[in-house]
Amino acid sequence: MTGTHGPLNAFLDLRQMPVANAELGPLAGLRLAVKDIYDVAGYRTGCGNLRKFADSNAASRTAPAVQTILDAGARFVGKTQTDELAFALFGQNAHFSFPVNPAAPDRVTGGSSSGSASAVAGRLADIATGSDTGGSIRAPASFCGLIGLRTTHGRISLDGAMKLAPSFDTFGWFADDIETYETVGKLLLGRDPHQHSLDRPLTLGWLDEMVARPAIAEYAGMKALASAVFGALAITATHFSSSPDELYWCFRRLQAKEAWGVHGEWITSGERELGPGVEERFGFGRAVDDRTAQAEKVRRLTFRGELGALLGTDGFLVLPTVPGPAPYVDSTPEQFQTYRERALHLLCLAGLSGFPQITLPIGSVAGAPFGLSLLGPSGSDIALIRLGRKLLDAAQRA
């Protein structure tokens, strides 16, 4: 693996191997790109790290979730760049040329599903797989003007995928039209287990505080559109029994400790040349002691119960996906860190609960995309996609 190829740096420069797909099916004629944490038969899985790639063997079988898409007729067009070990948020892997955000070329694509988002936004693929542990579907989708669903935790198989933090890891995908998105969703998810009828829109009072100043007016307009489509949002000031800051740190500590548990032995067994930021995040996880982790697990379970009670079977949260449009590519480390912390305050809600959240491209700030999200009860994935269709239809008419 020598780098990337193509005009957007979205695809890895790999020797192309034949990957079988069905000739007929609901996705026939569509192009599929695959994030390089998923096995594809005949290819090594590099996980965004040159040493991982060098040490790996070609996969003997394709990850089942990816195979489902191929069996529905989609045609494989390549493996896409990922942030190193999928442990970053902005799509800037130190080992590769950064993927370009076609919707806003002076801004980042978002990560860790960076190449997949770039490929779909640049119309080099119709569907691209990604994953969401801390926001790696939702943030790139918002940054690049795409649809992206963080699925209910555990609902789609992650066999044949690199693990990062198993109690947070979820399968996801990108598309730029809701019809394609729903077709893939039906194939991977089937029917929602409880046939949710989501008709009680909610929002939390403190969410507004997380939106960056340039995006405040646009976010207010997106909420107004959601109210017109779904009915008035019931605003609650609920902070749960934990504050937003406590939930943020709960997520950070548990995710990082799990990531160290998965990758720590490999990291310490040789020179891995981890990029800046990635090495520090793994080091943070190494330092989280068992007593702290146990306390955070209790906090997480409490929050999940409180959010589940708030949503019931018919409620859904309307919230900004991230604080605003993507940061500029040349932002300072301090600017990236400030954005990251604000973003994770929003993104951690679905991660800690395991509930599904869809982001929709209905807003823009300074010519760059800015997504609105809907977060529903466990198992309401298809219901959220259908709510998303209503909101996108309304946005197109507006």
Side-chain angles (χ1 to χ4, degrees), residues 88-90 108 110-113 117 132-144 146-151 153 168 170 172 201-223 226 233 235-240 242-255 299-300 303-304 306-307 310-311 315-327 335-363 365 368-376 384 388 391:
L89 193 62
F90 294 123
V108 300
S112 62
S113 307
D132 194 309
T133 299
S136 295
I137 283 289
R138 292 163 291 162
S142 182
F143 291 169
C144 296
L146 303 173
I147 303 161
L149 173 72
R150 178 193 163 88
T151 51
H153 184 262
F168 294 95
T170 59
L202 305 164
T203 191
L204 303 177
W206 61 266
L207 295 174
D208 292 13
E209 302 169 14
M210 295 295 116
V211 179
R213 185 174 300 279
I216 290 174
E218 182 66 16
Y219 175 50
M222 291 193 294
K223 284 199 298 183
L233 308 184
I235 301 175
T236 172
T238 299
H239 280 67
F240 308 105
S242 296
S243 71
D245 284 347
E246 288 171 329
L247 294 175
Y248 162 77
W249 283 110
C250 177
F251 168 78
R252 283 284 316 278
R253 290 169 179 141
L254 290 178
Q255 181 207 32
R299 187 189 304 279
R300 182 185 188 183
F303 167 70
R304 177 185 170 90
E306 291 171 343
L307 182 59
L310 177 66
L311 296 178
F316 62 97
L317 279 180
V318 176
L319 69 161
T321 305
V322 285
Q335 289 169 328
F336 276 126
Q337 183 59 24
T338 296
Y339 192 102
R340 182 193 311 278
E341 290 177 1
R342 257 180 151 164
L344 289 176
H345 275 75
L346 296 166
L347 295 165
C348 74
L349 303 181
L352 288 170
S353 65
F355 297 169
Q357 178 182 341
I358 191 168
T359 180
L360 305 160
I362 66 169
V365 176
F370 173 38
L372 185 73
S373 276
L374 311 175
L375 188 159
L384 286 178
L391 194 56

Enquirer: Supply the atom-to-atom distance Gln255 CD to Cys348 SG, rounded to the nearest 0.5 angstrom.
Expert: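 Separation between the atoms: 10.5 Å.
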
Enquirer: Mind checking whether Ser373 and Leu319 have side chains closer than 4.5 Å, heavy atoms only?
Expert: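 Sidechains of Leu319 and Ser373: in contact.
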
Enquirer: Looking only at heavy atoms, which two atoms of Leu247 and Ser242 are closest? And how far apart?
Expert: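 Answer, listing the atom of Leu247 first, then Ser242: CD2-CB, 3.8 Å.
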
Enquirer: Mind checking whether Pro361 and Pro369 have side chains closer than 4.5 Å, heavy atoms only?
Expert: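 Of all side-chain heavy-atom pairs linking Pro369 with Pro361, none is under 4.5 Å.
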
Enquirer: Looking at Leu349, is its backbone amide N or carbonyl O close enough to the side chain of Ser353 to form a donor-acceptor pair, meaning the two atoms are under 3.5 Å apart?
Expert: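 Present.
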
Enquirer: Parallel, tilted or perpendicular, judged at 30° and 60°: which one describes the rings of Phe90 and Phe143?
Expert: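 Parallel: the ring planes of Phe90 and Phe143 meet at under 30°.
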
Enquirer: Please report the closest heavy-atom contact between Val365 and Pro214, naming both atoms and the distance.
Expert: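 So the minimum-distance heavy-atom pair works out to CG1-O, 3.5 Å.
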
Enquirer: Would you say Leu310 and Leu204 make side-chain contact, with heavy atoms under 4.5 Å?
Expert: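 In contact.
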
Enquirer: Which heavy-atom pair separates Pro201 from Val318 by the least distance, and what is that distance?
Expert: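 Looks like CB-CG2, 4.5 Å.
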
Enquirer: Nearest heavy-atom pair of Gly388 and Leu360: which atoms, and what distance?
Expert: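 The answer is CA-CD1, 3.6 Å.
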
Enquirer: Could you check if a side-chain atom of Phe251 sits within less than 4.5 angstrom of a side-chain atom of Arg300, using non-hydrogen atoms only?
Expert: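 Of all side-chain heavy-atom pairs linking Arg300 with Phe251, none is under 4.5 Å.
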
Enquirer: Go through the steps to decide whether Ile358 and Ile147 satisfy the test side chain to side chain contact (heavy atoms under 4.5 Å, CB included), and finish with yes or no.
Expert: CA-CA 7 Å; Ile358 191 168; Ile147 303 161; 4.0 Å; yes

Enquirer: Are the side chains of Leu346 and Thr321 in contact, using a 4.5 Å heavy-atom criterion?
Expert: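 With C-beta onward as the side chain, the pair stays apart.
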
Enquirer: Any non-hydrogen side-chain atom of Leu254 less than 4.5 Å from a side-chain atom of Phe168?
Expert: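 The answer is yes, as the side chains (C-beta and beyond) meet within the 4.5 Å cut-off.
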
Enquirer: Do side-chain atoms of Glu218 reach the backbone of Ala215 as a donor and acceptor pair under 3.5 angstrom?
Expert: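 Here the side-chain-to-backbone pair does not exist.
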
Enquirer: Looking at side-chain heavy atoms only, is the closest gap between Tyr339 and Pro323 below 4.5 Å?
Expert: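 Side chain of Tyr339 against side chain of Pro323, heavy atoms only: contact under 4.5 Å found.
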
Enquirer: Run the numbers on Leu207 and Tyr219 for side chain to side chain contact (heavy atoms under 4.5 Å, CB included), then give the verdict.
Expert: CA-CA 11 Å; Leu207 295 174; Tyr219 175 50; 4.3 Å; yes

Enquirer: When rounded to the nearest 0.5 angstrom, what is the spacing between CD1 in Ile137 and CG in Leu146?
Expert: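 Ile137 CD1 to Leu146 CG: 9.5 Å, rounded to 0.5 Å.
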
Enquirer: If you compare all heavy atoms of Leu372 against all heavy atoms of Ala226, which two are closest, and at what distance to 0.1 Å?
Expert: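 Shortest heavy-atom separation between Leu372 and Ala226 comes out as CD2-CB, 4.3 Å.
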
Enquirer: Just by distance, do the side chain of Ser113 and the backbone of Ser136 share a donor-acceptor pair under 3.5 Å?
Expert: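 Pair found, side chain donor or acceptor close to backbone of Ser136.
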
Enquirer: Sub-3.5 Å donor-acceptor pair from the side chain of Arg150 to the main-chain atoms of Pro356, do we have one?
Expert: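 Not at all, since once roles are kept as given, no pair shorter than 3.5 Å links the two residues.
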
Enquirer: Can you confirm if the NZ or CZ of Arg299 lies within 45° of the ring axis of Tyr248 and under 6.0 Å from the centre of its six-membered ring?
Expert: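 Because its charged atom misses either the 6.0 Å distance or the 45° angle limit, Arg299 does not stack over Tyr248.
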
Enquirer: Mind checking the SG-CZ spacing from Cys250 to Phe303? Nearest 0.5 Å is all I need.
Expert: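 Answer for the SG-CZ pair, Cys250 versus Phe303, is 9.0 Å.
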
Enquirer: When rounded to the nearest 0.5 angstrom, what is the spacing between CG in Asp132 and CZ in Arg138?
Expert: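 It is 4.0 Å, given to the nearest 0.5 Å.
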
Enquirer: Check the pair Phe355 / Arg304 against side chain to side chain contact (heavy atoms under 4.5 Å, CB included), numbers first and verdict last.
Expert: CA-CA 9 Å; Phe355 297 169; Arg304 177 185 170 90; 3.6 Å; yes

Enquirer: Phe316 versus Leu375: any side-chain heavy-atom pair under 4.5 Å?
Expert: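 Of all side-chain heavy-atom pairs linking Leu375 with Phe316, none is under 4.5 Å.
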
Enquirer: Measuring from atom NE2 of His345 to atom CZ of Arg340, what distance do you get when rounded to the nearest 0.5 angstrom?
Expert: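 So the NE2 of His345 and the CZ of Arg340 are separated by 14.0 Å.
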
Enquirer: Let me confirm one number: the CD-CD1 distance from Glu209 to Ile216, rounded to the nearest 0.5 Å.
Expert: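 Taking CD in Glu209 and CD1 in Ile216, the distance rounds to 10.5 Å.
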
Enquirer: Which heavy atom in Met222 sits nearest to a heavy atom in Gly371, and how many Å separate them?
Expert: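 Smallest heavy-atom distance, with atoms named: CE-O, 4.1 Å.
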
Enquirer: State which residue, out of Leu317, Thr359, Leu384, fulfils the side chain to side chain contact (heavy atoms under 4.5 Å, CB included) condition with Leu374.
Expert: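 Passing option: Leu384.
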
